[in-house]
Amino acid sequence: MAPKRKAPAANGRPSKRVASGVSTPVSTRTTSDDDYDEDDEMPEDDDLQTPAKYDNTVKKFQPSTYARTKDYPSGDPASHLFKAKHDFFDEPLKADHRLRPLWIDPENGRVVLETFSPSFKRAQNFLINIAEPVSRTTNMHEYTISPHSLFAAVSVGLTKEDIIKDLELFSKTKVPENIKQFVHQVTESFGKVRLVLKHNKYFVESNDAKVLQMLLRDEVISQCRVQDTDELMTEKAAKKGALVIPGTREAVGVPNQAQAERQQPQKRDEADEEDSDDEFGGREAEKDMAEFLREEDDEDDEIDQVHSFEIDGEKIQQVQEHCNVKLNLPLTEEYDFRADEVNANLDIDLRPSVQIRYYQEHALSKMFGNGRARSGIIVLPCGAGKTLVGITAACTVRKSAIILCTSAMSVMQWKEEFKKWSNINPEDIAIFTSGEKQKLNHKAGVVICTYSMVTQNTRRAHDSKQVMDFIMGREWGLMVLDEVHVVPAEMFRRVTERIKTHSKLGLTATLLREDDKIKDLNFLIGPKLYEANWLQLSEEGHIARVQCAEVWCPMTTEFYSEYLQAKTTNKRSLLSTMNPRKFQACQFLIDFHERRGDKVIVFSDNVYALKQYATGLKKPYIYGDTGQRERELVLQNFQQNDAVSTIMLSKIGDTSLDLPEATCLIQISSHYGSRRQEAQRLGRILRAKRRNDEGFNAFFYSLVSKDTNEMYYSSKRQAFLVDQGYAFKVITHLNGIDRMPNLAYANQQERMTLLTDVLLQSETAGGVEDIKDDLFSDRNVRRVDHKGKKSGVKRQAGTLSSLAGGENMAYMEYAKGRNKALAQPRNAFFRKEERQKERRSKAAREMLE
DNA sequence: CAGACCGGAA
DNA sequence: GCGGGTCCGGTCTG
């Protein structure tokens with residue numbers, strides 16, 4: 001059957017996003033529900049203004065995919081349920097709705113999960129299989145059911161019956177009919193067609209010959225077929241058996257039953273999850289699911305014939321994209337590695353003492369759920385053990401593996417981790433970077449290299465070419481793509497063309513890009529198989545608990561006046577960064593945290609500012625031009641020398657630098673609204689060694705110059721972390737800063753000197769492009785907000801004691817509705833006509849100080 | 001080992 | 001809707 005092409009978007013019903021009107025399913029229901037004893041336990045409207053989608057990985061729910069019938073003249077069965085205002089639907093609650101945690105929005109497939117429900121954990125385990133997490137905060141989780149998420153669900157073995165049954169189980173209302181239809185329709189077409197590699201050739205394979213014949217009639221696909229082959233080949237399907245993932249309880253001989261929980265099997269490290277007495281069982285539910293996924297292959301359908309046709313290896317991306325985007329018939333990639341007798345086995349296993357954590361097991365069981373290796377993406381926060389997941393995958397497949405990293409440094413780290421966690425013969429690991437070009441001695445092995453080494457297009461050094469030919473010429477069992485969010489980049493995506501591999505595992509902490517290419521990963525690599533919940537991991541002590549705060553630093557009169565007159569955005573951001581009040585705040589915070597015994601990292605994107613701050617505060621710093629030796633020296637001192645408690649880094653430190661000592665992080669300048677940079681910087685302190693100390697907290701400060709574009713970008717940047725459940729506190733005044741001795745730029749003279757220097761700097765360094773119009777014109781805003789959504793930053797009014805060591809800081813209590821003003825600065829105080837007013841009041845305030 | 005060059009970020 | 005201008009890392013060359 002030909003899959004239905006998507007109908008044009010507009011068919012009789014506006015595809016209105018559900019805005020604030022429907023954002024309150026819980027409050028509208030529960031405020032009238034007197035059984036919730038504590039009103040303040042309930043989220044308020046503001047809390048529910050979770051940001052709408054923050055990336056484009058998810059295709060919007062498309063009601064228009066339903067055929068119009070006499071029953072559903074509007075094209076879907078739910079429209080008539082909506083009043084003009086798109087209020088929440090009138091479906092009656094089930095009698096025992098309080099036990100059920102899900103609200104399902106029939107219009108767009110959004111699902112809201114109450115975290116305080118007794119069946120929360122079970123519902124969550126179910127939801128992460130079938131839906132895409134959008135936002136997971138303390139009380140509310142928001143998910144979206146999308147074609148891609150359902151694709152992932154099917155590819156880990158769930159059937160449409162499973163999905164609908166469990167939706168019904170957890171939903172407070174009857175599952176809307178159109179959601180059921182949507183699930184039905186999507187699951188019908190998914191998982192039918194596979195892409196397989198055999199003897200270095202790619203085949204499109206299916207159990208259903210008709211689907212393949214249909215594909216071959218497609219113009220794009222037929223062009224990619226290898227022409228002189230038989231139209232369809234038919235062979236017997238391979239047999240499957242039980243598989244054990246190394247490092248799991250099963251593998252180390254611990255009975256995989258609930259009772260075994262209390263035996264406390266040996267731990268990988270000091271931090272392990274606590275047992276849960278919850279009847280709906282956190283850990284147990286996780287494990288049940290893992291077990292379920294592992295065992296599910298026993299009941300797999302008995303199909304004994306598969307059909308296939310060959311496609312041109314050069315054109316697989318084209319085929320994948322076409323099938324995924326145009327035909328809505330994504331190619332699943334599965335590697336039956338145990339049946340592979342062509343490729344040599346690799347002698348590798350995890351060291352016997354190594355046991356992976358439950359979420360790693362859960363992630364991997366989704367990859368290996370049916371005894372084969374499925375291609376896909378696993379999302380884990382920094383410091384949660386991504387590398388070990390990759391290594392365990394390699395130990396499961398036990399074929400030649402190739403690991404791709406973004407930098408040579410991370411290549412070295414992977415090699416070390418392989419030696420640490422697995423028993424692989426060090427000779428079987430080869431490094432391939434510009435510096436080192438090792439070769440494999442045996443038939444099978446692990447190659448670790450950088451993306452750029454593989455994708456290099458220009459002339460190659462002789463030895464480099466040799467190694468490349470080797471890599472491209474052979475067939476790999478597993479390709480691990482570290483920092484997989486870089487793969488959609490024009491150059492880097494070539495790796496999937498150049499390297500012939502049976503399975504692909506993408507790893508990242510932040511599946512985000514500010515462009516819309518992230519969705520390409522769906523066909524370049526595969527579906528997102530697992531995404532960890534940051535909040536949960538930090539509660540369990542796997543990653544550090546972090547207090548986030550935004551410190552508002554008023555601009556001084558001189559700086560603000562120059563700021564308003566500045567002709568270029570560069571000059572403006574430099575002035576905001578070099579704001580003396582910000583410098584003072586930075587000085588104060590460093591001093592404050594050094595006294596507490598914290599190790600502090602200060603981040604600045606701007607190199608000039610970095611040097612100024614570092615020399616002014618007499619702290620060592622590292623940036624791009626810093627030589628290798630000096631870098632190591634600084635880092636080593638930071639780790640070991642008590643006298644060096646603070647270092648300053650440019651964006652060199654955003655990724656890959658592993659600094660387990662750091663416990664406090666201060667940002668003074670950042671790259672526009674990059675949510676990924678924000679998340680990655682936070683990641684620097686998530687692996688803090690001291691994270692399991694009693695009451696330990698790591699700190700993350702963003703210093704923001706008030707009333708500048710930094711305010712706007714800051715709220716953008718936080719969006720991702722807010723979705724992960726982090727609350728940003730706003731600090732408007734640092735108590736005690738006035739009494740601080742040796743405060744920099746305390747007098748006018750010093751400030752003027754600095755200003756002169758900054759102005760000089762911005763003249764010489766910056767271009768002279770004029771700011772055409774308003775600072776927040778679409779031109780400047782689009783990049784960080786291409787969907788025009790509110791960022792929905794959750795501001796949490798802090799109590800004085802809530803921030804450990806925060807006794808000296810005053811928090812702003814946020815008035816309701818303040819969020820909106822912040823997220824939409826064009827409506828607030830940035831309008832041109834208000835600038836004059838602002839300047840006057842600014843000057844007045846300065847005088848009062 | 002510096003410097004040219006390219007590509008990524010966003 | 002496109003491409004800023006800048007920093008950074010990797011690779012190759014001399």
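Order of the sequence lines sets the chain letters (A, B, ...), proteins ahead of strands, with each chain counted from 1. Excluded from the calculations below are hydrogen atoms, water molecules and symmetry mates; all remaining heavy atoms, backbone and side chain alike, are included.
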Nearest whole angstrom, please: distance from the [atom2] of [N] to the [atom1] of [X].
{"X": "A:Phe720", "N": "B:dA9", "atom1": "CZ", "atom2": "P", "value": "16 Å"}
{"X": "A:Met468", "N": "C:dC12", "atom1": "CE", "atom2": "C1'", "value": "16 Å"}
{"X": "A:Glu436", "N": "C:dC12", "atom1": "CD", "atom2": "P", "value": "14 Å"}
{"X": "A:Ile518", "N": "B:dA9", "atom1": "CD1", "atom2": "C1'", "value": "13 Å"}
{"X": "A:Tyr621", "N": "C:dC7", "atom1": "OH", "atom2": "C1'", "value": "15 Å"}
{"X": "A:Arg681", "N": "C:dC8", "atom1": "CZ", "atom2": "C1'", "value": "13 Å"}
{"X": "A:Ile652", "N": "C:dT6", "atom1": "CD1", "atom2": "C1'", "value": "15 Å"}
{"X": "A:Asp625", "N": "C:dC8", "atom1": "CG", "atom2": "C1'", "value": "9 Å"}

If you measure only the distance, is there a donor-acceptor pair under 3.5 Å linking the side chains of [X] and [Y]?
{"X": "A:Ser702", "Y": "A:Gln667", "value": "yes"}
{"X": "A:Glu678", "Y": "A:Ser674", "value": "no"}
{"X": "A:Glu483", "Y": "A:Thr406", "value": "no"}
{"X": "A:Tyr608", "Y": "A:Asp757", "value": "yes"}

Which nucleotide in the set [options] lies at the smallest distance from any side-chain heavy atom of [X]?
{"X": "A:Arg629", "options": "B:dC1, C:dT6, B:dG7", "value": "B:dC1"}
{"X": "A:Glu490", "options": "C:dC12, B:dG8, C:dC8", "value": "B:dG8"}
{"X": "A:Met491", "options": "C:dC12, C:dG9, B:dG7", "value": "B:dG7"}
{"X": "A:Lys437", "options": "C:dC8, C:dC12, B:dA9", "value": "C:dC12"}
{"X": "A:Val607", "options": "C:dC8, B:dG8, C:dC12", "value": "C:dC8"}
{"X": "A:Ala489", "options": "C:dC12, B:dG8, B:dA10", "value": "B:dG8"}
{"X": "A:Ser407", "options": "C:dG10, B:dA9, B:dA10", "value": "C:dG10"}
{"X": "A:His671", "options": "C:dC8, C:dT11, B:dA10", "value": "B:dA10"}

Answer whether the closest heavy-atom distance between the side chains of A:Leu589 and A:Val600 falls below 4.5 Å.
-> no
Test item: A:Val411 and A:Phe432 side chains (from C-beta on) under 4.5 Å apart, heavy atoms | no
Any side-chain N or O of [X] less than 4.0 Å from the OP1 or OP2 oxygen of [N]?
{"X": "A:Thr406", "N": "C:dG9", "value": "no"}
{"X": "A:Thr455", "N": "B:dG7", "value": "no"}
{"X": "A:Ser452", "N": "C:dG10", "value": "no"}
{"X": "A:Arg717", "N": "B:dA10", "value": "no"}
{"X": "A:Ser674", "N": "B:dA10", "value": "yes"}
{"X": "A:Arg676", "N": "B:dA9", "value": "no"}

Would you indicate what A:Tyr451 reaches in the nucleic acid, counting non-hydrogen atoms under 4.0 angstrom: base, sugar-phosphate, or nothing?
-> nothing
Pair partner, C:dG4 [Watson-Crick or wobble, under 3.5 Å] = none
